[in-house]
Visitor: 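Supplied in structure tokens, the structure appears directly below.
Reminder, nothing fancy here: chain letters follow the sequence lines and each chain counts from 1.
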2 protein chains.
Amino acid sequence: MAGSAPGVPLYREVKRLLMDALIAGDWRPGTALPAERVLADRFEVAIGTLRKAVDDLVQENILVRQQGRGTFVATHSRERYQFQFFHVVDRGGHAEYPHVRLLDFRKGRAEDEEAAALRIARGGPVFRIKNLLAMRGAPVDVDRITLAQQRFPGLTDRQLRERPGTLYQLYQTAFAITVVRSAERLRAVGADEDAARLLGVDPGSPLLEIRRVAFTYADDPVEFRLSVVNTADHDYVTDLRPDRR
Amino acid sequence: MAGSAPGVPLYREVKRLLMDALIAGDWRPGTALPAERVLADRFEVAIGTLRKAVDDLVQENILVRQQGRGTFVATHSRERYQFQFFHVVDRGGHAEYPHVRLLDFRKGRAEDEEAAALRIARGGPVFRIKNLLAMRGAPVDVDRITLAQQRFPGLTDRQLRERPGTLYQLYQTAFAITVVRSAERLRAVGADEDAARLLGVDPGSPLLEIRRVAFTYADDPVEFRLSVVNTADHDYVTDLRPDRR
DNA sequence: AAGTGGTCTAGACCACCAT
DNA sequence: TGGTGGTCTAGACCACTTA
């Protein structure tokens, strides 16, 4: 690790190198990284410095440590989706992974909001996915998802229909895109005709509208999602923290 | 640090001791802790171990480090409130501390939901505060706050009216209660008559309802707050992170 | 210049997991 | 038993703040 930039801590440089390797695909999701001692030797830093870099990546949900086993590249499981991205729980507080039904899949051209969120040109080619999410058999949430065609070449509705897990698992396994973070903006709206019909409520009923932008490494946006949630029997919860303490 | 519990890391014990001192009021909010080297000597641990304990408390927003100056007990400023607790921003994304007007202050007996949230007996004595929050002159949010009388002895509407900063600053300075964390549940509702009048919308208009429980040290709940927000021109945003990276 | 937190080292030993 | 991450030590030196 000779010749680092001035003023930048060594462990930040190491973190940068680890992230570069992850972005380059040197270690696939779910696989173990070399042992910390090995990585420390490779980067020619002390073990403590290496660990500090890994600490950061673990905190950002990019790596997962398991004592006695190793350090792994994080994968997208249902559990992870539920804790990190899906914040809707039933009134009792029971978290449950929803049942997802594909309603529509088509190509289109990016509207202003989509283009801005995905940082692509306005009118650029996108995929649009429309899903109906149900919990305990009752429809709760309509998701409209927008993806840049360029990032998901050859995506088909068959992939969406046959996918066993979460969409983010599909992104990861089929397109080597790992979602690591999301930002959401929420507001209350009145149900439009379409949402009212799908969710089984009266038009104009209050619904929770969620705009989510999902990012992969380096704060690169890859998905825009507009969710409309019937909060008659469900809440959006912050604080689903299996972290801290 | 001889005689620690088996299986508990030393830095956790140190963290426990630091929190005990904070709860006991050994260091007042805003004041500096002894230097890390001094604390390490006092607890008879290595500096690295002491730092790891402090790291945790910094991450939990309980302590604040300032290089070259010291480590301080976190205080409640408007900035902190805005980033950690107040998640409403205008559509452009501009965060702005709202103007608060006290509408009502009275004593009452805890309803079921309030009692459960505050972990007090049903029907127990509480204070109820009703505030109208405005941004850029326009009313945006009605807050109904419930506090256990026992935790805030002698609270008066004069204190609320003359308070220069945030409510959490008042809790901290006048009642030695430091809010360190909150949990929120959100849903969309139709405006009732009262909210409609205060926010200047039609009854039944969709509003965002937020239930917040605020906790002090040791996950001890001290405030229940029901907010109703007009999201016509504002959003609730997650991800107001001045942390990480 | 003195004092603070921030980084970095080079180990030792412990707890846990797989075999 | 051997390999992994987790904890802990006892320093040295750097960067920043204050006086």
Side-chain angles (χ1 to χ4, degrees), chain A residues 1-18 22 27 30-75 242-245, chain B residues 1-18 22 27 30-75 242-245:
Chain A
M1 283 301 297
S4 297
V8 176
L10 190 49
Y11 76 90
R12 291 262 175 177
E13 296 281 355
V14 173
K15 181 183 171 188
R16 181 76 263 157
L17 292 172
L18 291 172
L22 286 167
W27 305 302
T31 62
L33 269 63
E36 295 181 341
R37 287 161 176 83
V38 174
L39 287 174
D41 284 353
R42 178 182 305 177
F43 295 138
E44 296 177 1
V45 299
I47 184 86
T49 303
L50 186 280
R51 276 185 63 82
K52 194 155 183 184
V54 173
D55 283 345
D56 275 15
L57 294 170
V58 167
Q59 175 146 19
E60 292 170 29
N61 297 301
I62 290 172
L63 297 179
V64 176
R65 283 209 185 97
Q66 288 184 248
Q67 183 172 165
R69 302 223 311 129
T71 302
F72 301 83
V73 183
T75 59
D243 32 86
R244 289 205 297 185
R245 250 160 294 259
Chain B
M1 283 302 296
S4 298
V8 176
L10 190 49
Y11 76 89
R12 291 262 174 177
E13 296 282 356
V14 172
K15 181 184 171 187
R16 180 77 263 155
L17 292 172
L18 290 171
L22 286 167
W27 305 303
T31 63
L33 269 63
E36 295 181 341
R37 287 162 176 82
V38 174
L39 287 173
D41 285 352
R42 178 183 306 178
F43 296 139
E44 295 177 2
V45 299
I47 184 84
T49 302
L50 186 278
R51 275 186 64 83
K52 194 156 183 183
V54 172
D55 283 344
D56 274 16
L57 294 170
V58 167
Q59 176 148 17
E60 292 171 29
N61 298 301
I62 292 171
L63 298 179
V64 176
R65 283 207 185 97
Q66 289 183 250
Q67 184 172 163
R69 302 220 316 127
T71 302
F72 301 82
V73 183
T75 59
D243 32 85
R244 288 205 298 183
R245 251 161 292 260

Visitor: Got A/L10 and A/F43 here, is their nearest side-chain heavy-atom distance under 4.5 Å?
Guide: no

Visitor: Report the residues that fulfil salt bridge (charged side-chain N to carboxylate O under 4.0 Å, His left out) with B/R69, sequence neighbours left out, ordered by chain and then residue number.
Guide: none

Visitor: Using a cutoff of under 3.5 Å, can you pull out all pairs of nitrogen or oxygen atoms linking the protein to nucleotides 17-19 of chain D, with atom names and distances?
Guide:
residue	atom	partner	partner atom	Å
D/dT18	OP1	B/R69	NE	3.4
D/dT18	OP1	B/R69	NH1	3.2

Visitor: Does any part of the side chain of A/R12, heavy atoms only, come nearer than 4.5 Å to the side chain of A/K52, both counted from C-beta?
Guide: no

Visitor: Quick one: list whatever passes side chain to side chain contact (heavy atoms under 4.5 Å, CB included) with B/T75, sequence neighbours left out.
Guide: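 Result, side chain to side chain contact (heavy atoms under 4.5 Å, CB included) vs B/T75: B/P29, B/Q172.
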
Visitor: If we only count heavy atoms from C-beta on, is the A/Y11 to A/D55 side-chain gap below 4.5 Å?
Guide: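 Side-chain contact under 4.5 Å: no.
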
Visitor: Report, one line per pair, each donor and acceptor closer than 3.5 Å where one atom sits in a side chain of residues 35-42 of chain A; sequence neighbours left out.
Guide:
residue	atom	partner	partner atom	Å
A/E36	OE1	A/R51	NH1	3.0
A/E36	OE2	A/R51	NH1	3.1
A/E36	OE2	A/R65	NE	3.1

Visitor: Take atom CG of A/L33 and atom P of D/dT4, then tell me their distance rounded to the nearest Å.
Guide: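 Whole-Å distance recorded here is 12 Å.
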
Visitor: Under 4.5 Å between any side-chain heavy atoms of B/F72 and B/L33, yes or no?
Guide: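 Of all side-chain heavy-atom pairs linking B/L33 with B/F72, none is under 4.5 Å.
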
Visitor: Do A/V64 and A/T71 pass the side chain to side chain contact (heavy atoms under 4.5 Å, CB included) test, and can you show the C-alpha distance, the side-chain angles, and the key distance before you say yes or no?
Guide: CA-CA 6 Å; A/V64 176; A/T71 302; over 6 Å; no

Visitor: Does B/G48 or A/R65 map to a spot on DNA chain D nearer the 5' end, using the closest nucleotide for each?
Guide: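 Comparing both residues, the 5'-ward one is A/R65.
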
Visitor: In terms of the nearest nucleotide of DNA chain C, which residue is placed more toward the 5' end: A/I47 or A/Y11?
Guide: A/Y11

Visitor: Could you list where the contact with chain A starts and ends along DNA chain C, reading 5' to 3', using a 4.0 Å heavy-atom cut-off?
Guide: C/dT7 to C/dA18

